[in-house]
Colleague: 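Got a structure here, written out as structure tokens. Questions coming.
The basis for the numbers below is simple: all heavy atoms, side chains too, and nothing from hydrogens, waters or symmetry mates.
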Amino acid sequence: MASNDPRPTKAERREAARAKAQALREEQARKAHRATITRRAAIGVGGVAVVGGIGGLIWKSKSTEGDDENGQEKAPDLNTEKGSLVPSSVDPESGALTYGSDLKVGTSNEGAPVLDIYFDYSCPHCAEFEALHSAEMKSLVTDGKVTLVLHPAHVLKLKWTIWAYNAMGVVLDKEPDKALDLHTALFSRFEQAAAKRDVTLLQKKGIWETASGAGLSSDTQDAIKEAVKSSKYDKWIDLSNQAFQTNGKEKGFSGTPAVLYNGQLVDLQQLQAENSLADYVSGQQGGAGAPAASPSEAPATTPAP
């Protein structure tokens with residue numbers, strides 16, 4: 001039997017199709033939004049945070065948050081007292097490491113401009129910068145062209161940085177002449193882990209292996225293990241973090257690495273090639289260097305969370 005309902009007009013059919021398509025698009029958008037939230041949640045629960053730089057990775061995994069020296073997870077020690085030490089050879093106001101031409105911490109090159117490097121041991125861009133420019137920095141210092149000032153910070157809040165601080169603290173107090181070598185080795189370890197996407201390289205045993213490879217005495221290596229377990233140098237972390245916050249507000253940076261020459265923030269895009277740091281310093285000292293960056297510049301930094 002024929003229906004009494006009138007047949008939809010062409011315009012009505014077109015409008016119905018348009019509404020159906022719109023509803024489909026909205027459902028797809030909702031699904032995409034839910035998937036994005038799920039991915040972000042996974043990142044926040046011990047996954048991999050993609051931030052660019054070496055291997056595109058920064059890890060925050062359970063295996064590096066509460067593991068023992070063999071990488072086995074354990075319960076946190078709630079009775080551990082916060083460390084109260086600051087290495088005797090660092091600047092007592094900023095926690096920075098200052099180097100002059102003899103590469104001895106605590107020295108300076110009188111009259112030379114200061115090259116400030118702010119970094120986090122868990123920052124992929126900092127590891128890239130160290131790998132690219134560490135030889136240049138040493139040459140600039142030993143040639144008396146700059147005083148090098150290294151400013152560690154814990155802006156990314158990862159355990160590897162805390163352990164690196166404590167290892168450096170012991171070496172600065174016991175074998176300070178080897179501190180710069182350990183500094184470079186710690187970044188090299190992080191770079192290796194990032195390239196291999198292997199978080200197991202960033203457990204506490206990674207600190208022990210890095211210290212052993214840096215040629216430290218057995219007494220110093222034993223002291224590093226004790227300092228890392230008790231977080232003996234937390235006061236140094238607090239001191240240098242406060243300096244990072246204060247100086248960042250004054251100079252216009254909030255991420256790492258941050259490079260300052262003679263007190264002025266340097267545009268990191270000018271430092272992307274090998275020898276570019278030495279070229280920059282030579283240009284500045286010859287009066288024809290590239291201008292310092294404005295606070296809105298200096299890309300390729302890992303921002304603080």
Side-chain angles (χ1 to χ4, degrees), residues 48-60 64 90-91 94-99 114-134 136-137 146 148-169 179-180 182-195 202 233-234 236-261 263-272 276-277 280 292-305:
V48 178
V50 180
V51 297
I54 304 172
L57 301 174
I58 276 186
W59 294 277
K60 188 172 185 178
T64 58
V90 305
D91 181 80
S94 67
L97 291 69
T98 304
Y99 286 94
V114 174
L115 180 66
D116 292 287
I117 311 293
Y118 291 83
F119 63 90
D120 186 316
Y121 282 112
S122 299
C123 161
H125 294 304
C126 301
E128 288 176 336
F129 186 90
E130 178 69 20
L132 188 62
H133 297 301
S134 60
E136 292 172 76
M137 288 188 283
V146 301
L148 177 64
V149 183
L150 302 178
H151 300 264
H154 184 218
V155 296
L156 296 174
K157 308 304 180 187
L158 297 181
K159 288 286 188 178
W160 179 255
T161 298
I162 295 177
W163 300 336
Y165 258 104
N166 281 281
M168 284 292 296
L180 197 55
L182 179 63
H183 166 82
T184 301
L186 288 165
F187 268 132
S188 179
R189 178 81 178 200
F190 184 87
E191 185 182 23
Q192 179 187 8
L202 300 179
Y233 288 89
D234 274 359
W236 181 26
I237 299 176
D238 293 342
L239 174 67
S240 58
N241 259 357
Q242 183 58 52
F244 176 86
Q245 301 283 344
T246 300
N247 294 334
K249 289 178 181 178
E250 291 179 356
K251 301 297 182 179
F253 63 85
S254 59
T256 55
V259 180
L260 283 76
Y261 175 81
Q264 298 297 311
L265 189 64
V266 179
D267 182 354
L268 293 183
Q269 282 198 355
Q270 300 176 57
L271 307 178
Q272 298 297 309
S276 56
L277 179 60
Y280 177 89
S294 69
S296 62
E297 293 175 334
T301 61
T302 302

Colleague: How close do L271 and L277 get, heavy atom to heavy atom, and via which atoms?
Modeller: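 Nearest pair, atom of L271 first, then L277: CD2-CA, 3.8 Å.
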
Colleague: With rounding to the nearest 0.5 angstrom, report the OG to NZ distance, S254 to K249.
Modeller: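 Here the interatomic distance stands at 11.0 Å.
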
Colleague: Nearest 0.5 Å please: distance from the CG atom of L158 over to the CG atom of D120.
Modeller: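 Separation between the atoms: 7.0 Å.
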
Colleague: Considering non-hydrogen atoms only, spot the tightest contact between T161 and A153 and give its length.
Modeller: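 Taking T161 first and A153 second, the nearest heavy atoms are CG2-O, 3.5 Å.
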
Colleague: Show your working on side chain to side chain contact (heavy atoms under 4.5 Å, CB included) between V146 and Y261 and close with a plain yes or no.
Modeller: CA-CA 9 Å; V146 301; Y261 175 81; 4.1 Å; yes

Colleague: Can you tell me how far CG of L180 sits from CE of M137, rounded to the nearest 0.5 angstrom?
Modeller: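 M137 CE to L180 CG: 8.0 Å, rounded to 0.5 Å.
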
Colleague: Going by the rule side chain to side chain contact (heavy atoms under 4.5 Å, CB included), which residues pair with L239 if we only count those two or more places apart in sequence or in a different chain?
Modeller: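 For L239 the side chain to side chain contact (heavy atoms under 4.5 Å, CB included) partners, ignoring immediate neighbours, are V86.
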
Colleague: Hey, which of W160, F190, F187 is the one that makes ring pair (Phe, Tyr, Trp, His ring centres under 6.0 Å) with Y121?
Modeller: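 Only one of W160, F190, F187 forms a ring pair (Phe, Tyr, Trp, His ring centres under 6.0 Å) with Y121, namely F187.
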
Colleague: Please check if the side chain of Y233 supplies one atom and the backbone of A167 the other of a donor-acceptor pair under 3.5 Å.
Modeller: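 Side chain of Y233 to backbone of A167: no pair is present.
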
Colleague: Any idea which heavy atoms bring N241 and H154 closest together, and the distance?
Modeller: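 Minimum heavy-atom separation between N241 and H154: OD1-N, 2.7 Å.
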
Colleague: Mind checking ring pair (Phe, Tyr, Trp, His ring centres under 6.0 Å) for Y99 and listing every partner two or more places apart, or none if nothing turns up?
Modeller: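 Partners of Y99 by the ring pair (Phe, Tyr, Trp, His ring centres under 6.0 Å) criterion come out as none, since no residue qualifies.
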
Colleague: Got a second to check how far S94's OG is from D116's CG, nearest 0.5 Å?
Modeller: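 Answer rounded to 0.5 Å: 8.5 Å.
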
Colleague: Can you find a heavy atom in the side chain of W236 that is under 4.5 Å from one in the side chain of P152?
Modeller: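 Yes, at least one pair of side-chain atoms sits under 4.5 Å.
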
Colleague: Taking C-beta and beyond as the side chain, do N247 and F253 meet within less than 4.5 Å on heavy atoms?
Modeller: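 In contact.
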
Colleague: For a quick check under 3.5 Å, do E250 and T246 share a side-chain donor-acceptor pair by atom type?
Modeller: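 On atom types as modelled, these side chains do not qualify, holding no pair under 3.5 Å.
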
Colleague: Say you draw a straight line from CG of L186 to CH2 of W163; how long is it, rounded to the nearest 0.5 Å?
Modeller: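 The distance works out to 12.5 Å.
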
Colleague: Just wondering, do Y118 and V155 contact through their side chains at under 4.5 Å, heavy atoms?
Modeller: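 Of all side-chain heavy-atom pairs linking Y118 with V155, none is under 4.5 Å.
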
Colleague: Please give me the minimum heavy-atom distance between L132 and E136, naming the atom from each residue.
Modeller: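 The answer is O-OE2, 3.4 Å.
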
Colleague: For a side chain to side chain donor-acceptor pair (under 3.5 Å) check, start with the C-alpha distance between Q270 and S276, then their side-chain angles and the critical distance, and finish with the verdict.
Modeller: CA-CA 7 Å; Q270 300 176 57; S276 56; over 6 Å; no

Colleague: Looking at every non-hydrogen atom in both residues, tell me the closest pair between P257 and L268 and how far apart they are.
Modeller: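 Between these two residues, the closest heavy atoms are O-CD1, 3.5 Å.
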
Colleague: Hey, what do you get for CG (L97) to CE (M168), rounding to the nearest 0.5 Å?
Modeller: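 Rounded to the nearest 0.5 Å, the CG-CE separation comes to 5.5 Å.
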
Colleague: When F119 is tested against each of H151, H183, H133 for ring pair (Phe, Tyr, Trp, His ring centres under 6.0 Å), which residue passes?
Modeller: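 One option only clears the test, and that one is H183.
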
Colleague: Looking only at heavy atoms, which two atoms of S122 and P124 are closest? And how far apart?
Modeller: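 Shortest heavy-atom separation between S122 and P124 comes out as O-CD, 3.6 Å.
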
